[in-house]
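All remarks here apply to the structure that follows.
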Amino acid sequence: MVVKVAINGYGTIGKRVADAVTKQDDMEIVGVTKTRPTIEADLAIQKGYPLYAVAEEHEQGFLDAGIPITRGTLLALLQKADIVIDGSPGKKGAANKPIYEKAGVKAIWQGGEKDSLVETSFNALTNYNKAWGKRFVRVVSCNTTGLARTLYPVQQKFGIKAAYVTMVRRGADPRESKKGPINAITPVLKVPSHHGPDAQTVIDGLNIFSLAVAVPTTIMHLHCNTVELEDKNATTEDVLALWDATPRIKFVEGGKGIVSTAQVMELARDLNRERADFNEIIVWKDAVTVQDGVLYYYQAIHQESDVVPENIDCIRAMCELEPDNMKSIEKTNRALGIE
Ligand code: NAD
């Protein structure tokens, strides 16, 4: 079976998920939507993705720009799809739910929407089975995905008494030239930040407390994490071996010159990663330390791309293509060149 996938909102996340779907052998893109005739609309056509306007009010803009939207709107696209990836801007996607319900399609939202919108939130490693056959699911945010990938295996193997995590967040995505902070460090004054509670939507029983600050960088988020372990005998080497065997975690080393997110992004370019993305969570191996039953580590999150393989696995679970989460993760990773 080849699942027919629509992308509603061909932006930062939507365009990456579209390309990732195209690389799988069990799903295909039947069309993408845009609101405005930007360069991304041109590029979608060049890639061969059938282009639709989100709504009738957007159609004229494409025609005026000479971009041939001959295929109608989202409503026409949904008739061709089994499942839609909602890549609309955060907090806007919820309004699309009645449209998907009426069209009879399954839908996946992103981390900008609330857990209460869907039947379950999703991470491929932690709760794949909960999305099995479901109609409405949310792939958790880039930060929550990062927390899930490193904390879940630690919880399973050593037990977690409590995790205290601090998110140092990029102020904007690289292309968002109008956003900031420009010259400030902005603490999130709602304590705990939403990230800890969000991680609890995909990891049962996780005791976690989170703080967050936004800083003037566009390239990655960085997490500073302190984790009290149940197993007082766990060692640094044990944790390193565990993460080494966990998919979608990549070690880097300060000793080899990777001392900041800048060199991490340079590595993505040197490895010829598409768009210079890093779908893996980056963990600084030299800094991982277990002392007196407490684990300390730093991890970096490439915000625009870590959730992309999660969307692919989520499609597989919701459309009942592969019952085993590790097999789906491996299949997705192979197709996308992820470690
Ligand atoms: P974006 O602004 O880059 O792209 C959004 C796209 O949706 C644009 O193409 C826009 O034209 C289109 N759009 C606008 N209104 C729409 C509507 N009503 N219906 C359908 N499409 C509409 O946004 P993004 O960064 O890709 O974010 C999408 C979702 O992914 C959000 O929930 C966000 O929180 C989440 N997310 C973003 C990042 C990130 O770093 N950018 C990381 C993880 C998750």
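Ligands are counted one by one from 1 in listed order, and the atoms in each one are counted from 1 as well. Computed from a predicted structure; not experimentally measured.
Contact atoms of ligand 1 toward K34: 8 (C), 9 (O), 11 (O) (distance under 4.0 Å to a heavy atom of the residue). Near Q110, the atoms of ligand 1 lying under 4.0 angstrom from a non-hydrogen atom of the residue are 29 (C), 30 (O), 32 (O), 35 (C). Within ligand 1, the atoms closer than 4.0 Å to a non-hydrogen atom of R170 are 39 (C), 40 (O), numbered from 1 in the order shown. Those atoms of ligand 1 that come under 4.0 Å of a heavy atom in Y10, given as number and element, are 9 (O). Contact atoms of ligand 1 toward G90: 31 (C), 32 (O) (distance under 4.0 Å to a heavy atom of the residue). Under a 4.0 Å criterion applied to the non-hydrogen atoms of N96, ligand 1 contributes the atoms 19 (N). Atom numbering of ligand 1 starts at 1 in the shown order; those under 4.0 Å from a heavy atom of P89 are 5 (C), 7 (O), 13 (N), 14 (C), 15 (N), 16 (C), 22 (C). Atoms of ligand 1 found under 4.0 Å from any heavy atom of N8, numbered from 1 in the order shown, are 19 (N), 20 (C).
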_Between F251 and W284, is the ring-ring contact (aromatic ring centres under 6.0 Å, His included) condition met? List the steps._
CA-CA 6 Å; F251 289 130; W284 270 274; over 10 Å; no
_With salt bridge (charged side-chain N to carboxylate O under 4.0 Å, His left out) as the criterion, how do E274 and K23 come out once you've worked through the C-alpha distance, each side chain's angles and the decisive distance to 0.1 Å?_
CA-CA 12 Å; E274 208 168 307; K23 293 193 175 108; 2.5 Å; yes
*Stepwise side-chain hydrogen bond (donor to acceptor under 3.5 Å, both in side chains) test for Y10 and T33*: CA-CA 6 Å; Y10 188 76; T33 71; over 6 Å; no
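The residues E304 and R175 are annotated as not salt-bridged, no charged nitrogen and carboxylate oxygen being separated by less than 4.0 angstrom.
In summary, the side chains of R248 and N279 do not present any donor paired with an acceptor at a separation below 3.5 Å, with no hydrogens or angles considered. Side-chain atoms of D19 and Y49 include a donor-acceptor pair closer than 3.5 Å. Side-chain contact, D86 with S88: a donor N or O sits under 3.5 Å from an acceptor N or O. For the residue pair R316/T332, the side-chain donor-acceptor check at 3.5 Å is satisfied.
Centroid-to-centroid, the aromatic rings of Y100 and W109 come within less than 6.0 Å.
Between D173 and ligand 1, an N or O atom pair is found at a separation short of 3.5 Å. For ligand 1, the polar-atom distance check finds an N/O of T35 within less than 3.5 Å of one of the ligand's N/O atoms.
Residue contacts with ligand 1 for W109 are absent, since no atom lies close enough (heavy atoms, distance under 4.0 Å). Within the 4.0 Å heavy-atom criterion, both parts of I13, backbone and side chain, lie near ligand 1. Counting heavy atoms under 4.0 Å from ligand 1, residue T12 touches it through both backbone and side chain.
At the shortest separation from atom 4 (O) of ligand 1 among protein heavy atoms lies G11 CA, 3.3 Å. Distance from atom 42 (C) of ligand 1 to its nearest protein heavy atom, with residue and atom name: Q303 O, 3.0 Å. The protein atom (non-hydrogen) at minimum distance from atom 5 (C) of ligand 1 is G87 O, 3.2 Å.
For the ligand labelled ligand 1, residue R175 lies inside the 4.0 Å heavy-atom shell. Between R36 and ligand 1 there is no heavy-atom distance shorter than 4.0 Å.
I185 CD1: 12 or fewer foreign heavy atoms inside a 6.0 Å radius. Within a 6.0 Å radius of CG in D292, no more than 12 heavy atoms belonging to other residues, nucleotides or ligands are found.
Note on ring orientation: taking the six-membered ring where Trp is involved, the planes of F122 and Y128 are tilted (angle from 30° to 60°).
With A44, G93, G112, P174 as candidates, the residue nearest to atom 32 (O) of ligand 1 on a non-hydrogen basis is G112. Taking all heavy atoms of G9, S88, A55 into account, the minimum distance to atom 28 (C) of ligand 1 is reached by S88.
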